[in-house]
Every structure is written in C-alpha cells, then in structure tokens.
Amino acid sequence: ANAFIAKAIGVPPALNASYTLLDSMQTLWNAHAGNIVSGHNYTFADLIVNLGDNLSVADASADISAVNAFALAAAPSLASTAFTKNYTLTDTLSALANAPVLVTTNHVYHILDSAANLLAGVDVLSEATITNAGAVTLTGAGPHGAAGVLSVANVATLTVITSDDDWTYSLNDTAANLLNAQNIVISKAQAKTVIEIAGSVGTLTVSDYNKLVSITGINTWHSTVSDTAANLLSANPSVKGSIATTVLNNAASTLTVAEYNKLSIITSDDTWSSTVSDSAQNLLAADPSVHGSLGTIVNDDTSVNPLSLSFANVQKLQGITTDDSWHYNLTDTSADLGLGLSVSAAAASVAAAQAIVDGAQNSTSDHLVLNANYSLTDSVLALEGAGSLSVDHVINVVDSSVNLLALDANGQDIVAAAGTVKLNDQGPLNLSLRDVIKLQGITTDDSWQYNVTDSHVDLGSDLTVAAVTKAL
C-alpha cells in the first residue's frame with residue numbers, strides 16, 4: 001500500500017491502513033514496538049513468549065512487567081499466569097536470593113559472583129538459592145574465575161558451593177591448617193603463605209617442618225622443632241627450629257657415640273635422657289662428656305671375642321660404662337696408681353688393680369702378675385703398718401714434730417728409708433735448742449719455723465777444740 005501511494009502524482013497522503021493481527025505471541029512481542037503492531041488490534045495464536053537467556057533479575061523483572069502489559073492490551077481478561085514466559089537468569093547471589101518469587105520460580109538461574117560475596121552470603125536463604133541454582137561460578141580473571149586469597153576452610157566451602165571448581169586462588173592460613181590440608185588444595189594454589197610469617201608457627205616435627213617449607217617455599221617463620229632422636233638425626237641439617245630444637249618427650253633412647261655428639265649439636269636443650277651403646281674402641285676415644293644418663297654400655301660381643309686392652313684402658317672403660325660385665329684380655333699389667341698415696345688409699349687402689357688383673361680372661365693362662373706403680377706418703381705409724389705395700393716403693397714421711405722427736409727404732413728405720421721427711425705442724429714450733437737441732441737432723445725440708453724456748457745445749461764431754469768449733 002505504501003509503495004502504491006508513493007507512485008501518486010503530487011504530495012501523497014499518509015497511509016491509513018486498517019487491519020487486525022493474528023500471530024504467535026513471540027512474533028507479536030518481537031514487533032510490538034514497531035508501527036506494524038502499534039495502534040492495531042492483535043490476537044495471540046499461542047500463549048508462549050521467550051524473553052531471552054542470562055537475564056539479570058532487574059532485566060527479567062522489567063521484561064515480565066512489559067510483556068504482561070502487552071498481553072493485557074490484547075486480552076484484558078488474560079491473566080499474567082495464563083501464558084508461558086521462557087527465560088533464564090544470571091546474576092549475583094544477593095540479587096537472586098532477594099528476587100521476587102515469580103521471577104525465579106520454574107526458571108533456570110545461574111549464580112555468577114565473587115568468592116568474597118559467596119563466602120559472606122551463606123545463610124539460610126542463600127543456601128536454598130545456591131542449592132537450586134543451575135550453576136554457580138566465580139567472577140574474576142581467567143576462564144573459570146579467580147577467588148583471590150583464601151584460607152583452607154574457604155577453599156573447602158567454595159568448592160562445595162561452585163559447580164566449576166577450576167577457579168584460581170592463593171592460600172594464606174595458619175601453619176597447622178596448611179599442614180592438615182588435602183594435597184589437592186595445596187597443589188592447586190598459585191601461592192601459599194602462612195599467617196604467622198615473621199611469627200611463631202608453634203612446634204613442628206621434622207616432617208611438618210619439611211612439609212611447611214615445601215608448601216610455602218620460604219621459612220622466614222619461626223618455629224620449635226621437636227621430634228624423636230632418630231628423626232632429628234636423619235633430618236637435613238637445615239631443619240633447625242629458630243626458637244628451639246628439642247627431643248620429643250626429652251627421651252633420646254639408645255645412641256652411639258657419634259649419634260650422641262651429633263644430637264648434642266642439633267638440639268638447643270641437651271638435657272634429654274639416653275643410653276649410650278657403642279664399641280669399646282669408640283667409647284674409649286669419646287669425649288668424657290659423652291655419658292648416657294640411663295647407662296653407658298659396650299655393645300661388642302665380648303663373650304665370644306674378649307676385648308684386648310691395656311690395664312689403663314680397662315681401668316678407663318670401667319670408669320665409663322655402667323655395666324662392667326664385658327670380658328677382656330690384658331695386654332699388660334702395669335698399673336699407675338699415683339704418687340703420694342696414703343697407706344689406706346694405696347691398699348684400696350692395689351686391691352682394685354688386682355681385681356682387674358684377676359678379672360682378665362687370660363689372667364691364669366698367661367700367669368699375669370700385677371705391676372703396681374705408686375709411692376706412699378703418710379705418717380711414721382701408718383708406714384710402719386704398710387707391710388708389703390711399701391716394699392720396692394718410694395715412701396715419704398709427713399708427720400708431727402712430736403712424733404718425729406719421739407721415734408723408736410722402727411720409726412727411725414722408716415725415716416731412714418724415706419725419700420723425704422716433712423712436718424705437718426701448723427705455725428711456728430716452740431722447741432728447745434736441743435730439739436731444734438735434733439729435728440733438723442730428721443727432716444729433709446727445714447723450712448719450718450720455730451721459737452727457741454732455751455739456749456742451753458749439751459755438746460758433750462772431752463771434746464777437742466775442733467769439735468767444739470764445728471758444733472758451735
């Protein structure tokens with residue numbers, strides 16, 4: 001009709017076309033804003049209209065209101081629920097949870113929101129919205145969205161919420177939570193840090209320490225490492241608590257000399273208890289500080305192969321071990337028992353040395369005889385009772401001036417045989433001139449001090465001039 005009018009001569013009048021429309025609801029809705037539908041009566045051939053996909057709640061609400069008005073104009077008696085409106089929704093959790101019921105009911109909807117909003121919005125209302133959603137995905141860079149920085153618990157919650165779990169994230173949580181996290185949670189994270197960076201992460205085992213370093217890639221955090229002695233000894237030297245390194249329950253069990261020394265270097269508290277068990281050779285070569293608080297034992301099988309030791313090493317090993325039931329053969333019987341022993345101390349030392357000789361497996365077969373080396377230093381009375389202890393040994397006398405001035409024949413023999421004779425009196429002595437002269441003739445050290453109580457001395461009778469001169 002417009003084309004026909006356009007061919008008319010002169011100014012053509014505006015077309016005034018009258019008609020009514022009968023078409024599908026979708027076709028009429030698509031054209032409702034144009035002049036073909038506008039101003040004309042229309043009738044729906046069906047009652048179905050498609051409003052589109054991935055509408056926001058706001059857009060869907062506006063379109064529903066518009067299409068309801070459009071349908072009402074065609075059929076005033078037509079209820080809005082009498083025709084079908086097809087559409088899908090995509091919006092945030094908050095928008096969908098708070099949408100009018102008629103907008104979401106019987107319509108597929110997709111939640112697209114940030115990790116922060118999803119984690120913060122989980123309540124009774126939004127849980128139902130999440131449960132009924134066709135899909136839940138994250139906003140952010142990347143094809144699957146980005147969650148940002150999360151805790152281990154956040155990852156677990158978000159994994160349950162979302163339908164596409166390939167979103168990216170970084171972890172920041174306590175050391176304990178990172179250590180207890182599932183491997184997949186750790187492996188998928190783009191970065192892993194502990195909340196306690198530059199702070200204390202608490203007490204870790206060697207395994208936890210290594211795992212935390214593996215997770216975070218850094219160990220600027222501070223920790224105490226506490227584990228069994230076995231785990232500490234087998235650990236990399238870099239595993240060391242910056243606060244402390246201790247043995248679990250302060251009990252190190254059984255260690256060799258080398259392990260004892262190594263553990264002492266590793267730990268910051270060396271009060272742990274232990275048993276040291278090693279070969280006689282290693283125990284003899286060890287520092288004296290290596291001593292098991294629960295015991296020190298020889299682990300050689302000496303019942304079959306007795307140890308071959310010098311007298312000095314048997315004596316030393318007996319001082320080291322808490323169980324002296326090991327067997328040995330002596331390579332010598334020379335016992336250096338010390339110098340200046342009292343008679344009683346020499347008796348005890350000789351008895352102990354003889355026991356070492358008698359205890360040797362080869363004592364009888366090799367006819368071993370103790371060769372004890374020592375010297376005696378004691379009073380005249382004690383030395384008189386020394387018996388065989390003084391035979392072939394240097395003796396020295398330390399006694400009081402009273403005892404030395406009153407020597408009998410036996411005492412004089414002791415003094416004559418002594419290497420040195422010294423006084424044990426304290427302070428200056430009060431002596432007659434005669435006793436001073438006599439005592440100086442007995443002692444080998446005349447540095448003792450004295451006061452003379454009289455100056456009379458009987459030099460004898462019928463002396464020559466020369467003799468008197470010398471005596472004076």
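In this structure, the ring of Phe70 has its center less than 6.0 angstrom from the ring center of Phe44.
Atom CG of residue Leu232 and atom OG1 of residue Thr246 lie 7.5 Å apart, to the nearest 0.5 angstrom. With rounding to the nearest 0.5 Å, the separation of CG in Leu337 from CG in Asn373 is 7.0 Å. With values rounded to the nearest 0.5 angstrom, Leu102 atom CG is found 9.5 Å from Asn68 atom CG. Taken from CG in Leu138 to CG in Asn117, the straight-line distance is 10.5 Å, to the nearest 0.5 Å.
Within the structure, the side-chain hydrogen bond (donor to acceptor under 3.5 Å, both in side chains) test picks out the following pairs touching residues 282-291 (sequence neighbours left out): Asp278-Asn282, Ser279-Asn282, Asp287-Ser289. Counting only residues at least two apart or on different chains, the ring pair (Phe, Tyr, Trp, His ring centres under 6.0 Å) pairs with a member in residues 168-211 are Trp167-Tyr169, Tyr209-Trp221.
Partner of Val194 under the side-chain contact (heavy atoms from CB on, under 4.5 Å) criterion, chosen from Asn172, Asp173, Asn177, Leu212: Leu212. Checking each of Leu330, Leu317, Thr331 against Leu309 for a side-chain contact (heavy atoms from CB on, under 4.5 Å) leaves exactly one that passes, namely Leu317.
A cation-pi arrangement is present between Lys85 and Phe83, with the terminal nitrogen or guanidinium carbon under 6.0 Å from the aromatic centre and inside a 45° cone about the axis.
Using cut-offs of 30° and 60° on the angle between ring planes, the pair Trp272 and Tyr260 is perpendicular.
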#### Entry: Ser242 vs His222, side-chain contact (heavy atoms from CB on, under 4.5 Å): CA-CA, chis, key distance, verdict
CA-CA 5 Å; Ser242 55; His222 298 293; 3.0 Å; yes

### Task
Tell me, with the steps shown, if Val276 and Ile297 meet side-chain contact (heavy atoms from CB on, under 4.5 Å).
CA-CA 6 Å; Val276 173; Ile297 58 177; over 6 Å; no

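Of all heavy-atom pairs between Leu96 and Thr129, the closest is CB-CG2, 4.0 Å. Contact record, Ser325 with Asp323: OG-OD1, 2.8 Å, taken as the closest heavy-atom pair. In this structure, Ser207 and Asp227 approach most closely via the heavy-atom pair N-OD2, 4.3 Å.
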